[in-house]
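Below: the structure, in structure tokens.
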Amino acid sequence: MPPTSTVTTLHQRYVVEDSGPDGVPTGYRLDCPPDFSFGYDVVDAIAAAEPDRPALRWSDTTGAVERYTFGDIARLSDAAASWFRSVGVRKGDRVLLVLRRHPQFWWAVIGLHKIGAVAVPATHLLKAYDLVIRLREAKISAVVATMDGDVGAEIDQAAAELGLDPVKAGVCGPPRPGWLDFDTAVAAAPRFEPPTGADRPVAADPLLLYFTSGTTAQPKMVSHNHSYPVAHIPTAKYWHRVDPDGLHLTVSDTGWAKSVWGKLYGQWFMGTCVDVFDFDRFDPAALLRHLEEARVTSFCAAPTVYRFLVDEDLGAYDLSALQHATIAGEAMNPVVFETFRERTGLELKEGYGQTELTLAVVTNYWQPTKPGSMGLPSPAYDVVLLDEDGREVGVDQEGEICLRTGDGHPVGMFDGYVDDPATTAAAWYDGYYHTHDLATRDADGYFWYVGRTDDMIKTSGYRVGPFEVESVVQAHPAVKECAITGAPHPVRGTVVKATVVAAAGFEAGDDLARDIQSFVKARTAAYKYPRIVEFVDAMPVTVSGKIRRVEIRDRDHAG
């Protein structure tokens with residue numbers, strides 16, 4: 001590896017590292033100055049020191065390649081910031097970004113950071129039903145979205161239902177009526193003058209807002225402030241183990257929080273170039289060709305991706321540039337771990353976190369991997385396992401993963417659920433944040449995932465809240481009752497299942513199942529539709545009449 005530069009040691013200003021006599025880290029502490037702002041203190045700082053340092057490599061399945069330096073990103077984000085300001089976006093305003101893997105996401109989000117506006121990333125898979133919730137609850141001021149497919153039409157429909165008229169700009173396609181062309185608008189923006197005084201963003205100001213699925217209500221709004229990027233230095237340095245002069249690829253759409261984990265903050269703190277592979281449909285062979293041709297040096301993906309990769313002939317691809325590989329999103333299958341190690345020589349390092357957090361449990365690069373284990377508690381947090389009475393559990397005993405915060409606010413944790421103090425208080429109280437994830441801890445301190453305390457479904461790397469899907473399924477005229485659960489699947493690990501009691505006058509069967517599936521896919525994101533529809537005469541219920549999803553899940557896993 002070439003000698004480090006001022007740029008590639010930038011992260012050291014924000015991390016106090018403890019090391020053993022062999023130089024291997026034993027822990028670390030994060031330090032975020034109160035006036036920190038990622039756009040100025042990282043992007044612009046690197047651009048000033050090394051304007052030609054590679055920042056972003058974008059390519060797609062046609063073979064097209066675009067490269068951007070930190071100088072480019074600084075210039076383009078300034079122009080985006082100027083344009084956002086010119087259309088009335090101000091500090092604290094919220095802007096919806098539906099940009100798939102298009103490169104415009106990076107200068108749009110940094111431009112918003114620079115003026116202190118709040119970015120609200122969202123996936124292009126959302127339908128008008130989903131977008132109504134986001135536009136209304138987040139009070140969206142402007143939208144920048146891809147013109148691929150029906151995204152613009154779905155946004156227009158949602159806005160019309162609400163009687164809203166936000167500023168709208170499109171990329172990668174002819175703009176719709178009422179929409180501006182984002183690239184043209186940004187290119188014509190006046191010279192950007194950075195904000196001063198109270199208008200300049202600082203660490204405590206809101207930075208990002210994500211909608212995260214719940215099981216008993218519609219999606220919650222998770223708010224992170226400008227200190228959040230600092231907490232992703234360990235993500236890139238200790239878990240992804242990025243090469244400052246290499247190329248890092250995380251497989252994620254920009255609509256998901258995982259994208260800023262692996263395609264933005266920590267990587268750029270380290271001076272590493274972010275690799276973006278833009279595709280419409282996942283093809284494991286195409287991804288392997290990309291890893292080979294782009295010479296990717298570090299890689300992160302969900303278990304589902306690795307399951308498909310190990311089914312390919314890995315020996316047919318030159319993956320010699322790949323130095324480190326990580327996995328997150330669901331519990332890792334030990335067979336996938338062993339197969340990948342046999343064929344590549346690399347150990348997959350697992351990590352666990354939430355939209356509300358950064359890495360809370362992790363196998364860092366210097367720590368031995370236990371296949372199937374989440375890893376060890378991150379030094380960034382005080383992680384404990386608590387029983388239902390709030391007491392710490394012993395070795396091999398099941399408990400909820402909780403973060404002990406006291407009266408403090410660890411760098412990287414969310415600020416709370418926006419406009420929902422009751423839900424915030426239900427998750428973060430008495431000095432502990434409750435993740436609702438269950439695990440055990442072995443004698444070496446490694447955590448092993450058990451499941452959710454609630455009914456959240458994790459399928460192919462996506463988080464699906466049963467209530468969201470049930471709300472759509474139950475709108476079908478043939479559905480009397482519905483319960484959404486996760487069911488085991490040999491390839492995807494878990495899939496969404498609908499257990500349905502048919503309404504009077506409708507015949508349960510394959511035709512109705514397919515009709516329900518089509519109904520759901522037409523009204524909400526495709527990844528949420530139930531791949532399994534089972535008809536029952538009656539739901540299992542508690543004495544109070546609540547559906548016992550646990551009974552459905554247990555039956556599926558036992559069968």
Side-chain angles (χ1 to χ4, degrees), residues 125-130 132-133 212-220 304 330-331 333 388 398 400 423 426 436-438 449-559:
L125 300 174
L126 299 176
K127 300 290 188 179
Y129 172 86
D130 312 285
V132 163
I133 296 169
T212 186
S213 296
T215 60
T216 58
Q218 292 292 1
K220 305 181 293 292
T304 301
E330 297 167 347
N333 185 327
E388 292 181 353
E398 186 177 295
E400 182 185 5
T423 301
H436 299 295
D437 281 310
L438 297 170
Y449 185 72
V450 173
R452 294 285 295 171
T453 60
D454 53 26
D455 296 311
M456 181 65 63
I457 301 165
K458 291 186 176 180
T459 175
S460 298
Y462 297 121
R463 288 165 55 90
V464 178
F467 181 83
E468 294 179 79
V469 186
E470 287 174 3
S471 297
V472 179
V473 174
Q474 289 178 340
H476 191 289
V479 175
K480 179 181 178 182
E481 285 186 286
C482 172
I484 298 296
T485 56
H489 188 275
V491 175
R492 296 177 181 273
T494 301
V495 295
V496 177
K497 175 188 176 182
T499 302
V500 172
V501 177
F506 290 88
E507 183 178 351
D510 291 345
D511 288 343
L512 181 55
R514 284 191 289 269
D515 190 65
I516 291 171
Q517 290 171 326
S518 297
F519 181 86
V520 176
K521 284 194 281 187
R523 287 163 175 78
T524 190
Y527 64 85
K528 299 178 185 178
Y529 92 93
R531 292 179 180 272
I532 299 172
V533 178
E534 180 187 20
F535 293 97
V536 296
D537 293 330
M539 292 289 185
V541 296
T542 66
V543 292
S544 62
K546 294 182 179 179
I547 295 174
R548 296 191 73 244
R549 292 191 185 92
V550 65
E551 185 174 323
I552 298 172
R553 286 197 304 268
D554 288 348
R555 185 176 67 235
D556 288 338
H557 284 271

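Predicted model, so just to flag it, every value in this text is computed and none were measured. The first residue in the sequence is number 1, and the count goes up from there. Computed over heavy atoms, backbone and side chain alike; hydrogens, waters and symmetry mates excluded.
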Which heavy atom of [X] sits nearest to which heavy atom of [Y], and what is that distance?
X: Glu398; Y: Val450; result: OE1-CG1, 3.3 Å
X: Glu468; Y: Pro219; result: OE1-CG, 3.3 Å
X: Arg549; Y: Pro466; result: NE-CB, 4.0 Å
X: Ala487; Y: Ile532; result: CB-CD1, 4.0 Å

What distance separates [X] [atom1] from [Y] [atom2], expressed to the nearest 0.5 Å?
X: Ile516; Y: Phe535; atom1: CD1; atom2: CZ; value: 4.0 Å
X: Leu126; Y: Thr524; atom1: CG; atom2: OG1; value: 7.0 Å
X: Met539; Y: Ile547; atom1: CE; atom2: CD1; value: 4.5 Å

Quiz item: Between the side chain of Glu534 and the main-chain N/O of Thr499, is any donor-acceptor distance below 3.5 Å?
Solution: no
Self-check item: Glu400 side-chain N/O to Glu388 backbone N/O, donor-acceptor pair under 3.5 Å
Solution: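 Looks like no, no N/O pair under 3.5 Å.
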Table please: side-chain donor-acceptor pairs of residues 489-496 below 3.5 Å, with sequence neighbours left out.
{"unit_1": "His489", "atom_1": "ND1", "unit_2": "Val491", "atom_2": "N", "d": "3.1"}
{"unit_1": "His489", "atom_1": "ND1", "unit_2": "Arg492", "atom_2": "N", "d": "3.0"}
{"unit_1": "Arg492", "atom_1": "NH1", "unit_2": "Ser460", "atom_2": "OG", "d": "3.4"}

Side chains of [X] and [Y]: closer than 4.5 Å at any heavy-atom pair?
X: Val479; Y: Phe519; answer: no
X: Arg531; Y: Thr459; answer: no
X: Lys497; Y: Ile457; answer: no
X: Asp130; Y: Lys528; answer: yes

Which pairs would a plain distance check flag for residues 502-514, meaning a side-chain donor or acceptor within less than 3.5 Å of a matching protein atom at least two apart in sequence or in another chain?
{"unit_1": "Asp511", "atom_1": "OD1", "unit_2": "Arg514", "atom_2": "NH2", "d": "2.6"}

Practice problem: Hey, could you give me each pair passing salt bridge (charged side-chain N to carboxylate O under 4.0 Å, His left out) that has a residue in residues 476-490? Not counting sequence neighbours. | Solution: none
